[in-house]
Amino acid sequence: MNVVFVSPHFPGNYWHFCEHLRNCGANVLGIADAPYEALNPALRGSLTEYYKVNNLEDYDEVFRAVAYFSFKYGKIDWIESNNEYWLEQDARLRTDFNVTTGLRNDHIAAIKNKSEMKKYYALGGIPTARQIKASDGLKAVHAFVKKTGFPIIAKPDNGVGADETFKFNNASELDEWFGRQPNTDAFVIEEFITGLLVSYDAVYNSAGEPLFESEGVYPIPIMDIVNDNLDACYWVNKTVPAALKAIGRRTVKAFDIKSRFVHLEFFKLDRDREGLGKKGDYVALEVNMRPAGGFTPDMMNFAHSTDVYRIWAEMVTCDKRFKADGDQYYCAYASRRFNHNYSHTHHEVLAKYGGSVVMCDNMPSILSGALGDYFYIARFNRKQDIDEFFEYVTA
């Protein structure tokens, strides 16, 4: 099998996907703009061949790289980056090279544009926040707010995470944003939903069946972390609640997603909301057809005593997985900011939690807005230990 992996060097943990593809017998053909000598030696050992382009943004360059691989190795079976930033380019490459094992141009808008997502949620009967396009104009948005009330949220129709996300508490804030925002047409406006943010993370095979499922829990809104420079704290749960598993599977079916790693976001309502559900019900936020960000895939491994990189590679090469999960834990993430002062030193954190900490390191600056500058990942048997860990690290 010939698998083209785009940007295998970033994020830094993605070389594990290539490692397991190679272990499963695939030709792993890497394309990126980093010098070969700068690649992680373990990544270099996982690649059958590497093609350096001057700029991954240059589609013609990347196209020529895939064409070279196709000429040398034969038909390309997979093209993937597992990276939100490159999903549209991945789809275009699959379309141009007639690679059928993934999203193509005719389906990419449904999983990239928040306005398009709403149509598929509706098809699956999945509750989601009411929305209007900012391009409909300020008058239409004010009429929308009469139905939803303040606060409301503005965010890019095609965007990642909480970047360029704004919250308006009253009409004057909304009007002021419309007056200064140079490109309101690129945004959607949504009603503000309060509740606990959770994620349904899974790997699906070609029959639309889950090979792996997990839950992430995010008690601090990512928008607040980014906008207010807060510490990030979240965890991967021991188990997936049955109701989340059910709505996650319905969402995957509604979007007709197969052979992918998915990261689907939901709000667990903190109160009854007319038209959406009762307290404790799940309401869809958005779909992400790639793994969760940062080192969350590694956290899934620690929580479930498994290897999601291997599970994904086995799905690609064999359309199944071969090993069940092991013991189950809570896996918690707590970060710090370099410009904050903390009550406990790094050495004190390790002295207290060294037996539980499984990773700690600097976060790449491109990800630090949402994930902090330095992070600790720890594994626990009890939920109450997570709260104590968060409080100690961030005090």
Side-chain angles (χ1 to χ4, degrees), residues 109-200 217-228 230 243-244 247-248 250-251 254-255 263-288 370:
I111 60 94
K112 283 291 292 179
N113 295 347
K114 297 175 179 64
S115 56
E116 289 294 315
M117 291 178 193
K118 297 294 182 181
K119 302 174 185 177
Y120 289 85
Y121 285 134
L123 285 174
I126 299 156
T128 185
R130 287 171 288 184
Q131 182 191 91
I132 186 174
K133 290 185 176 182
S135 59
D136 289 348
L138 183 57
K139 184 177 179 180
V141 172
H142 275 295
F144 172 79
V145 174
K146 286 183 179 179
K147 301 175 185 176
T148 65
F150 284 105
I152 57 171
I153 299 291
K155 53 188 177 181
D157 196 6
N158 186 344
V160 181
D163 291 340
E164 289 293 297
T165 298
F166 305 92
K167 180 181 176 182
F168 311 119
N169 295 296
N170 52 58
S172 61
E173 291 179 358
L174 174 63
D175 293 346
E176 191 270 335
W177 178 80
F178 258 90
R180 64 177 166 79
Q181 183 64 34
N183 187 21
T184 56
D185 288 359
F187 287 78
V188 294
I189 309 291
E190 287 190 347
E191 64 179 316
F192 182 69
I193 296 176
T194 56
L196 180 65
L197 178 63
V198 301
S199 67
Y200 170 80
V217 182
Y218 303 83
I220 306 172
I222 297 174
M223 179 177 66
D224 294 347
I225 294 172
V226 172
N227 292 340
D228 299 331
L230 303 179
L244 178 62
I247 197 169
R250 279 170 50 208
T251 302
F255 282 80
H263 173 66
L264 314 182
E265 298 176 352
F266 298 89
F267 280 117
K268 187 176 183 181
L269 294 177
D270 58 4
R271 59 184 176 88
D272 295 355
R273 290 189 70 107
E274 185 178 353
L276 290 177
K278 300 290 186 181
K279 180 180 179 179
D281 288 346
Y282 295 99
V283 173
L285 176 58
E286 64 182 63
V287 299
N288 300 281

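- Between atom NZ of residue Lys278 and atom CZ of residue Arg271 there is a gap of 12.5 Å, rounded to the nearest 0.5 Å.
- The two atoms that bring Gly124 and Ala254 nearest to each other are CA-CB, 3.9 Å, heavy atoms only.
- Residues Tyr282 and Ile126 have side chains not in contact (no heavy-atom distance under 4.5 Å, counting atoms from C-beta outward).
- Considering all non-hydrogen atoms of both residues, Phe266 and Ala284 come closest at CD2-CA, 3.6 Å.
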Side-chain polar contacts of residues 193-200 - donor-acceptor pairs under 3.5 angstrom, sequence neighbours left out - could you list them?
residue: Thr194; atom: OG1; partner: Asp270; partner atom: OD1; Å: 2.9
residue: Thr194; atom: OG1; partner: Asp270; partner atom: OD2; Å: 3.2
residue: Ser199; atom: OG; partner: Asp201; partner atom: OD2; Å: 2.7
residue: Ser199; atom: OG; partner: Gly216; partner atom: N; Å: 3.3
residue: Tyr200; atom: OH; partner: Tyr204; partner atom: OH; Å: 2.6
residue: Tyr200; atom: OH; partner: Glu213; partner atom: OE2; Å: 2.5

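- Closest approach of Pro156 to Thr165, counting heavy atoms only: CD-OG1, 4.5 Å.
- Listed by chain and residue number, Pro151, Ile153, Asn169, Phe192, Met223 satisfy the side chain to side chain contact (heavy atoms under 4.5 Å, CB included) test with Lys167 (two or more places apart in sequence, or in another chain).
- Ala109 pairs by the side chain to side chain contact (heavy atoms under 4.5 Å, CB included) definition with Asn113, Glu116, not counting sequence neighbours.
- Leu276 CG to Phe267 CZ: the interatomic distance, rounded to the nearest 0.5 Å, is 11.0 Å.
- Between Phe187 and Phe166, the angle of the ring planes lies from 30° to 60°, which puts this pair in the tilted group.
- To the nearest 0.5 Å, atoms CG (Asn288) and CD1 (Ile111) are separated by 8.5 Å.
- Taking Phe144 as the reference, nothing meets the ring pair (Phe, Tyr, Trp, His ring centres under 6.0 Å) condition, with sequence neighbours excluded.
- Pairs of residues two or more places apart, or lying in two chains, that qualify as salt bridge (Lys or Arg N to Asp or Glu O under 4.0 Å) and include a residue from residues 168-190 are Lys118-Glu190, Lys155-Glu190, Glu176-Arg180.
- Judged as a side-chain hydrogen bond (donor to acceptor under 3.5 Å, both in side chains), and not counting sequence neighbours, the contacts of Asp157 are Ser115.
- Residues meeting the ring pair (Phe, Tyr, Trp, His ring centres under 6.0 Å) test with Phe255, sequence neighbours left out: Tyr120, Tyr121.
- For Ala171, the side chain to side chain contact (heavy atoms under 4.5 Å, CB included) partners two or more places apart in sequence, or in a different chain, are His142, Phe150.
- The stretch residues 128-144 participates, sequence neighbours left out, in these salt bridge (Lys or Arg N to Asp or Glu O under 4.0 Å) pairs: Arg130-Glu191.
- Side-chain contact check for Val283 versus Leu269: some heavy-atom pair is nearer than 4.5 Å.
- Distance CG/Leu285 to NZ/Lys114: 8.5 Å, rounded to 0.5 Å.
- Residues passing the side chain to side chain contact (heavy atoms under 4.5 Å, CB included) test with Ala143, sequence neighbours excluded: none.
- The CG atom of Asn170 sits 10.0 Å away from atom CD1 of Ile152, with the distance rounded to the nearest 0.5 Å.
- Across all non-hydrogen atoms, the minimal contact from Glu286 to Met117 is CB-SD, 3.8 Å.
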